[in-house]
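Just so you know, these numbers use all the heavy atoms, side chains as well, and skip hydrogens, waters and symmetry mates.
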Amino acid sequence: MITTLSGDTSRLLATVDFVKEQDTATLLPLLLPGLDGPELRALVEHCRFSHAALLVFPSDEAELGAMLTDCGLVGVAPRQPSVVVRERLATRHRRRAAELDVGIVRRAVVGADGAHRMVEVFALTVPPGSDLGTVAAHERERQHETHVGFDVVAPDPLVLRGLCATFARYGATPDGGGYNPHEDGTVFYFGAPAEAKADHRRVELYVPGDHRDLLAAHLDEHRARQPAETLLRLLTGAWTTQALSTFAQLRVADAMDGDRAVGVEELAREIGARPRNLTTLLRYLAMLGAVTEVRDGFRLTGTGALLRDGAPGSMRALALMYGGPFYDSFAGLGHTVRTGQVAFEHLFGENHFDHFARDPRLAELFDRSMAAGAAMFDPVPAHPVLTAAAEAPAGATVVDVAGGNGELLGRILTAHPRLQGVLLERPHAVEAARARLDGAGLGARCAFLAGDFADLPAGGDVYVLSRVLHDWDDERCREILRHCARAMPDHADLLVVERVLPSDGSVSLATAWDLHMMCNVGGRERHAEHYARLFADAGLTLVDRSPLPLDGHVLHVRKADPTTA
C-alpha cells in the first residue's frame, strides 16, 4: 500500500507543478502545434486553461485526504460523483458502472501568472483485496484519464462550434465526452495531435450547462474513427427498439416515482417481473439515457418520463406501435426493396389502415401514436394564415382533412377562440376526435364528418392536411389535392404539414421516415420541389414553407391564379 500511495502522490505532485507553471497562451500552441496569430488570440479570448487532471486509486476517503494533504491541496469542497469518467472506465474494463465508486475532488492552485486554477483529482476507490486492482494497474500505465482542461468562457453554441472546429483544424481528434447532471456541465474530450509538444495527450473543453445536442455530433465523429464499434452499435438498433417498447409495455416508467430512486426488488414487485431480468433491461436502458443507475436503484430521466402513460408529451403509444406491428413488418424490408410490395401488406394481408380499423385496440393505439408526435404541431396555430383567419370580421372555419383524433385541430381552436372547426375522418376516428374535443370543451365549435376525401366539405377558409400525403403514392396524392382544390373557395388557404426531404442530403428525420413509409405504409416522404409539382397538377400553387420541430414543415398552398396558368 505504501508503494501505491507514494506512486500516486508523486504523480499528483507533478500535476500540481504543471498547473502552476502553465498559462493559456503558452499551453495551447504546445497542444496544437502551428496555432498562432489571430486564431490563437481567438482561442485565448474564448477559453482559458483551468485545470489539469489525473486519476488516482485510494483505498478509502482517509487515504485520499492524506494524499491531497501531502501535495498541499487543502480545501473543504467534498468529493462529487464523476459520471463521465465512471462511464468511460465501465466501458473500457467491461464493468458495471454501479460497481465503480468514482468521484471528483477539485483543489485550487495559484499559477506563476497569479491566475487561480484547479487540480482535478479523479478518485476510483480500490478497497484492499478488491479485484479492481487490475483496473488501477492498467490505468496507471496508460494514463487514459490524465488531461488538461480549458473552460469555455461564454457557453454560446456558435462559440462552442468554433472552438471545436479550430481544435480539429490543428489536428485534435474527438475522444468522447459526456454530460454531468450533478454539475450541469458538458465535457468535450479531444486527443492531442501526434506532434504535440506537451506530455498530456488529452484535452478537455468544459462548458457550463446542458449541450448534449452539440455533444452528439462530437461523439458521432469519435465513433466514426472506430468503424467496427460503430457498425456493431448500428446492428443492435433492434435491441434498442424492443428495450424501449418493453419498458413501455410493462409500464415501468409509471411505476417509477419522479426523481426518487427505486430499488429493483420494489420495482419488480410493482410491475410483476423477475428482479434479475429487470435489472438487465434497466442497465441497458441506462446506456440509452432512459434511466440512471444510482446506489439505491434506478431513477427515471426526462427521456424515460416520455414513456409514462398520459404524461404531457407522452410517446408511450409510439413506442408500442414501433415495437409492435411496425417492428414485425420491418423484417420484410428486403421483400419491399426487391419487389416493391409493401412489407406490412405482405405480412398482414391488407394495408395498415384497414388492418388497424378492424381491431379497436390497434385503432386506438394508432390514433394515440399519431398524437404522440404532437411536438411537431407546437408552432402551427401561430402560422400567419391561421392568425389572419382568426381575425376575419365574419369569422372563419378550419377544415382538418383526415384529422385523426383531433390533436392538431384542438390546438388550433384553443389558440384562436373565434375559429370554428370541421374534422373529416373515418367513423372510428371521428368518434375518438369527438370525445377528445368534447373533453377539452371545444366540441361545440366543431362539426364532425365521417367519410373519405371525396366527402370534403366546401366553403372552408383554411384547409389542413397534416401528415396525410406521405401515406400515398403520387397519383393518390393528386386525387386528394384535386378534392381539396374543388372544395376550396378562391380565397381559401391550404396548410400541408409534412416532413420534407432535405435537398442537400443532410441528416434528417424525413430520410428515416421515407424508409418507414416505403416498408410499412406504401407512401413516401418528398422534396419540396416534388410537392410543388403535385400541387401544380391539382391546380394549386406552393406559396411558401416554414420549419417545424422534429424536421417537419408547413407548406402554404393556394389555388393557382387562372390568369397566369
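- Using a 4.5 Å heavy-atom cutoff, the side chains of V135 and V126 are not in contact.
- When ring centroids are compared, F190 and H218 come within the 6.0 Å threshold.
- In this structure the side chain of H144 never reaches within 4.5 angstrom of the side chain of L89, judged on heavy atoms.
- The aromatic rings of Y322 and H516 lie perpendicular to each other, with more than 60° between the two planes, well past the 30° mark.
- Panel note: side chain D544, backbone S546; no donor-acceptor pair is recorded below 3.5 Å.
- R426 forms no cation-pi arrangement with F356, by the criterion of a distance under 6.0 Å to the ring centre and an angle within 45° of the ring axis.
- The distance from the SG atom of C477 to the CH2 atom of W472 is 9.0 Å, given to the nearest 0.5 Å.
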Exercise for review: Kindly indicate, with the supporting measurements, whether the criterion side chain to side chain contact (heavy atoms under 4.5 Å, CB included) is fulfilled by E61 and L64.
Suggested key: CA-CA 5 Å; E61 289 292 324; L64 175 61; 4.3 Å; yes

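- Residues P502 and T511 form a side-chain contact, since some pair of their non-hydrogen atoms from C-beta on lies under 4.5 Å apart.
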Review point. Going through the distances and angles, do E431 and R434 end up as a salt bridge (Lys or Arg N to Asp or Glu O under 4.0 Å)?
Key: CA-CA 5 Å; E431 293 311 310; R434 189 193 304 275; 3.6 Å; yes

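- Under a 3.5 Å cut-off, the side chain of H553 and the backbone N or O of L555 do not form any donor-acceptor pair.
- Side-chain N or O atoms of T414 include none that pairs as donor or acceptor with a backbone N or O of R411 at under 3.5 Å.
- The two atoms that bring R251 and I271 nearest to each other are O-CG2, 4.1 Å, heavy atoms only.
- Nearest heavy atom pair, residue M517 against residue E525, reads CG-OE2, 3.6 Å.
- Closest approach of V294 to A261, counting heavy atoms only: CG2-CB, 3.5 Å.
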Check your understanding: Does the side chain to side chain contact (heavy atoms under 4.5 Å, CB included) test come out yes or no for V468 and V401, once each step is laid out?
Key -> CA-CA 8 Å; V468 172; V401 184; 5.8 Å; no

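- When all heavy atoms of V262 and M256 are compared, the closest pair comes out as CG2-CA, 4.2 Å.
- Judged by distance alone, the side chain of S82 and the main-chain N or O of V102 form no donor-acceptor pair under 3.5 Å.
- With hydrogens and angles disregarded, no donor-acceptor distance shorter than 3.5 Å links the side chain of S508 to the backbone of L501.
- Ring geometry, F150 versus F49: the interplanar angle falls from 30° to 60°, so the pair is classed tilted.
- Side chain of D254 to main chain of D309: a donor-acceptor pair is present (N/O by atom type, distance under 3.5 Å, no hydrogens or angles).
- Interatomic distance, R202 CZ to H200 NE2, rounded to the nearest 0.5 Å: 11.5 Å.
- Note that CG of L205 and CG of L215 are 11.5 Å apart. Values are rounded to the nearest 0.5 Å.
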Check your understanding: Going through the distances and angles, do E425 and R436 end up as a salt bridge (Lys or Arg N to Asp or Glu O under 4.0 Å)?
Key -> CA-CA 14 Å; E425 252 296 359; R436 182 184 187 88; over 6 Å; no

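- R316 contributes atom CZ, which lies 12.5 Å from atom CZ of R308 (distance to the nearest 0.5 angstrom).
- Side chain of S329 to backbone of N520: no donor-acceptor contact under 3.5 angstrom is found.
- Checked against the 6.0 Å centroid criterion, the rings of F344 and H355 qualify as a close aromatic pair.
- At distances below 3.5 Å, at least one donor-acceptor pair connects side-chain atoms of D551 with backbone N or O atoms of L509.
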Review point. When you look at F188 and H211, which way does the ring-ring contact (aromatic ring centres under 6.0 Å, His included) test go after all the steps?
Key: CA-CA 10 Å; F188 294 75; H211 298 274; 7.5 Å; no

Check your understanding: Is there a ring-ring contact (aromatic ring centres under 6.0 Å, His included) between F326 and W513 once you walk through the steps?
Key -> CA-CA 12 Å; F326 286 147; W513 255 257; over 10 Å; no

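- No option in E87, H138, E139 other than E139 meets the side chain to side chain donor-acceptor pair (under 3.5 Å) test with R92.
- Taking both residues in full, the closest heavy atoms of V521 and V342 are given as N-CG1, 3.8 Å, listed atom of the first, atom of the second, then distance.
- Taken from CG in L267 to CZ in F298, the straight-line distance is 9.0 Å, to the nearest 0.5 Å.
- Contacts classified as salt bridge (Lys or Arg N to Asp or Glu O under 4.0 Å) and involving residues 280-290 (residues at least two apart or in different chains) are given here: R283-E293.
- With a 4.5 Å cut-off on side-chain heavy atoms, E364 and P360 do not count as touching.
- In this structure, the side chain of R526 engages the main chain of L469 through a donor-acceptor pair within 3.5 Å.
- With sequence neighbours excluded, the residues satisfying salt bridge (charged side-chain N to carboxylate O under 4.0 Å, His left out) with D131 are R95.
- In this structure the side chain of H470 reaches within 4.5 angstrom of the side chain of Y531, judged on heavy atoms.
- Residues R88 and Y189 form a side-chain contact, since some pair of their non-hydrogen atoms from C-beta on lies under 4.5 Å apart.
- Looking only at side-chain heavy atoms (C-beta outward), T240 and L288 come within less than 4.5 Å of each other.
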Review point. Could you go step by step and tell me if L333 and L515 meet the side chain to side chain contact (heavy atoms under 4.5 Å, CB included) rule?
Key: CA-CA 9 Å; L333 177 60; L515 186 72; 4.0 Å; yes

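- Taking each heavy atom of L386 and V380 in turn, the nearest pair found is CD1-O, 3.3 Å.
- Ring centers of Y206 and H51: at least 6.0 Å apart, outside the cut-off.
- Here the side chain of S314 pairs no donor or acceptor atom with the backbone of L307 at under 3.5 angstrom.
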Exercise for review: Start with the C-alpha gap between S466 and E407, add the side-chain angles, then the distance that decides, and say whether side chain to side chain contact (heavy atoms under 4.5 Å, CB included) holds.
Suggested key: CA-CA 11 Å; S466 175; E407 172 70 30; over 6 Å; no

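- Using a 4.0 Å cut-off between charged nitrogen and carboxylate oxygen, D514 and R499 do not count as a salt-bridge pair.
- With a 4.5 Å cut-off on side-chain heavy atoms, H416 and T387 count as touching.
- Here the CG atom belonging to L124 is positioned 10.5 Å from the CD atom belonging to E145, to the nearest 0.5 angstrom.
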